[in-house]
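These notes concern the structure reproduced below.
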Protein chains: 2
Amino acid sequence: MTEPQWLDDGESEAWLSFLVMHAKLTAELHRRLRAQAGLSLADFDVLAQLTEAPDGTVRARQLGRSLQWEKSRLSHHLDRMQRRGLIRREDCAEDSRGAMVVVTELGRETIERAAPPHVQAVRELVFDRLTRREVDTMRRISEKILDGLDEEVR
Amino acid sequence: MTEPQWLDDGESEAWLSFLVMHAKLTAELHRRLRAQAGLSLADFDVLAQLTEAPDGTVRARQLGRSLQWEKSRLSHHLDRMQRRGLIRREDCAEDSRGAMVVVTELGRETIERAAPPHVQAVRELVFDRLTRREVDTMRRISEKILDGLDEEVR
DNA sequence: CTCCTTCGGTTGACACGTCATCCAACCCGT
DNA sequence: ACGGGTTGGATGACGTGTCAACCGAAGGAG
């Protein structure tokens with residue numbers, strides 16, 4: 001019944017530059033991480049979770065929740081990382097359906113080498129260019145949109 | 001020589017919520033577009049470019065530039081869209097290497113049906129939740145980061 | 001204990017992106 | 001006209017992501 005409300009000029013410019021910025025920024029971070037350590041951003045996130053945990057071990061289910069990944073995505077990704085020797089799977093003592101994911105020595109070395117330049121790149125490309133106020137606003141915008149999504153999806 | 005500078009708490013919270021927000025937001029927009037019109041966001045962008053052009057026709061090279069897509073990405077994507085009958089390819093008169101991309105009647109109907117709800121979703125999920133100042137800041141942040149990327153990549 | 005549902009995880013099919021490679025047509029200097 | 005570099009585009013291989021289907025173990029309700 002009601003006409004859809006369109007975006008005004010300021011809004012559509014903001015939207016377009018937001019989308020392009022995210023695409024180019026993650027592409028560049030991805031490119032550097034791959035060149036420097038042979039990791040994808042997804043690999044990095046998995047290894048970060050594992051190396052922060054005691055014994056470098058996390059239950060697969062838990063990993064999926066922290067990363068907010070679908071279980072099939074996680075399963076496929078772990079296959080590939082296992083093939084490359086970055087992680088391995090072990091049986092779960094408490095639940096025989098479960099799988100424990102363990103970071104290997106190679107995985108640990110790889111992320112320890114990768115992390116400092118990666119963080120440095122985020123700093124250079126993002127935070128060094130923004131004021132304190134802008135960073136605060138960035139977080140506030142993100143949280144507002146996330147709140148809205150939670151309401152909608154509920 | 002110099003220690004890498006890490007992110008402080010405010011920065012890493014901003015960074016994390018930015019990443020999660022973008023992932024969930026685009027996932028939701030994607031889900032809706034697919035459910036409502038059977039299109040991916042990439043399909044939508046291609047069709048939008050084509051329907052804005054005279055005769056619904058754009059040279060492939062030009063399409064790649066507007067979308068900032070690699071040529072192989074474009075080629076693969078056009079394959080899939082052609083298979084679904086959304087576009088077709090024609091020979092290019094001025095350059096016999098070239099390809100003209102033409103939106104089909106089905107493609108035109110599909111995006112005309114898809115566009116209003118999609119724009120409405122962006123409005124609901126993003127702009128209705130932000131103040132004018134926040135939208136301005138979002139654009140300014142995006143442009144600053146893009147400027148930085150242009151310098152780096154140059 | 002038995003049935004039924006839910007849960008954790010895997011698998012296969014397919015869409016999507018990137019990289020490297022290839023090919024023909026174009027352009028340009030000689 | 002020729003010869004070499006560049007451009008527009010297609011292709012194949014492979015990593016990545018989603019969806020749907022599947023399977024066995026877990027966990028109640030009766």
Side-chain angles (χ1 to χ4, degrees), chain A residues 19 22-35 37-46 58-102, chain B residues 19 22-24 26-35 37-46 58-102 153:
Chain A
L19 292 178
H22 181 276
K24 291 196 170 184
L25 175 59
T26 53
E28 178 65 13
L29 290 172
H30 208 292
R31 210 184 52 65
R32 293 187 187 196
L33 190 57
R34 201 171 263 313
L39 294 180
S40 67
L41 291 170
D43 298 331
F44 186 92
D45 291 343
V46 170
V58 177
R59 178 94 189 257
R61 178 191 48 168
Q62 177 55 36
L63 201 49
R65 295 217 174 113
S66 319
L67 298 171
Q68 316 213 63
W69 284 7
E70 300 202 359
K71 54 189 186 173
S72 73
R73 175 181 180 184
L74 180 62
S75 183
H76 285 305
H77 205 91
L78 294 178
D79 282 348
R80 294 186 294 259
M81 291 182 75
Q82 190 162 32
R83 232 178 289 136
R84 291 192 286 150
L86 297 170
I87 58 116
R88 67 171 181 282
R89 286 188 246 226
E90 289 180 2
D91 289 345
C92 175
E94 304 92 59
D95 186 336
S96 30
R97 296 169 299 182
M100 306 301 292
V101 185
V102 189
Chain B
L19 292 178
H22 181 276
K24 290 196 169 183
T26 54
E28 178 65 14
L29 290 172
H30 209 276
R31 209 184 52 66
R32 293 187 187 196
L33 190 57
R34 202 171 262 314
L39 293 180
S40 68
L41 291 170
D43 298 331
F44 186 91
D45 290 344
V46 170
V58 178
R59 176 98 188 257
R61 177 192 49 167
Q62 177 56 36
L63 201 49
R65 296 216 174 115
S66 320
L67 297 171
Q68 315 212 62
W69 284 7
E70 300 202 357
K71 54 190 186 173
S72 72
R73 174 181 180 184
L74 180 62
S75 183
H76 285 305
H77 205 91
L78 293 178
D79 282 347
R80 293 186 294 261
M81 291 182 76
Q82 190 162 33
R83 232 179 290 135
R84 291 191 288 151
L86 296 170
I87 58 115
R88 68 171 180 283
R89 286 187 247 227
E90 289 181 1
D91 288 344
C92 175
E94 305 92 59
D95 186 337
S96 31
R97 295 169 298 184
M100 306 301 292
V101 185
V102 189
V153 172

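Note on naming: letters A, B, ... go to the chains in the order of the sequence lines (proteins, then strands), and numbering restarts at 1 for each one.
- Residues passing the salt bridge (charged side-chain N to carboxylate O under 4.0 Å, His left out) test with B:Glu90 are B:Arg88, sequence neighbours excluded.
- Taking A:Arg59 as the reference, A:Asp95 meet the salt bridge (charged side-chain N to carboxylate O under 4.0 Å, His left out) condition, with sequence neighbours excluded.
- Side-chain atoms of A:Ser75 lie closest to C:dT11 of the nucleotides C:dT11, D:dT16, C:dA15.
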Kindly give the atom pairs (protein nitrogen or oxygen, nucleotide nitrogen or oxygen) under 3.5 Å for nucleotides 20-25 of chain D.
residue	atom	partner	partner atom	Å
D:dA25	O3'	A:Ser96	OG	2.8

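- Considering only residues two or more places apart in sequence or on other chains, B:Arg80 meets the side chain to side chain donor-acceptor pair (under 3.5 Å) condition with B:His77.
- Residue pairs satisfying the salt bridge (charged side-chain N to carboxylate O under 4.0 Å, His left out) criterion with at least one member in residues 65-74 of chain A, sequence neighbours excluded, are absent.
- The distance between atom CG of B:Leu41 and atom P of C:dC16, rounded to the nearest whole Å, is 10 Å.
- Between A:Arg32 and A:Glu28, at least one side-chain nitrogen of the basic residue sits less than 4.0 Å from a carboxylate oxygen of the acidic one, meeting the salt-bridge criterion.
- A:Arg73 comes within contact range of at least one nucleobase, with a heavy-atom separation under 4.0 Å.
- One finds the CG atom of A:Leu39 at 9.5 Å from the NE2 atom of A:His30 (value rounded to the nearest 0.5 Å).
- Regarding A:Gln82, its CD atom lies at a distance of 15 Å from the P atom of D:dT16, rounded to whole Å.
- Here the CG-CD distance, from B:Leu67 to B:Gln62, works out to 9.5 Å after rounding to the nearest 0.5 Å.
- At a threshold of 4.0 angstrom between heavy atoms, the contacts of B:Arg65 are confined to the sugar-phosphate backbone, with no base atom among them.
- For the helix from C:dC1-D:dG30 to C:dT30-D:dA1, the rotation axes defined at the first and last 5 base pairs enclose an angle of 10°, given to the nearest 10°.
- For the OP1/OP2 pair of C:dG9 and a distance below 4.0 Å, the side-chain nitrogens and oxygens of A:Arg59 include at least one atom meeting the criterion.
- Between B:Met81 atom CE and B:His76 atom NE2 the span is 15.5 Å, to the nearest 0.5 Å.
- Nucleic acid contact for B:His76: base, since at least one base atom lies under 4.0 Å from a heavy atom of the residue.
- Comparing atom distances between the A:Arg61 side chain and each of D:dG15, C:dT11, C:dG8 picks out C:dG8 as nearest.
- One atom, CH2 of A:Trp69, and another, P of C:dG9, lie 15 Å apart when rounded to the nearest Å.
- Atom-to-atom distance recorded for B:Thr26:OG1 and A:Leu19:CG is 8.5 Å, nearest 0.5 angstrom.
- Put simply, CG on A:Leu67 is 16 Å from C1' on C:dG8, counting in whole angstrom units.
- Closest-nucleotide positions on DNA chain D for A:Arg80 and A:Glu94 were compared, and the one nearer the 5' end corresponds to A:Arg80.
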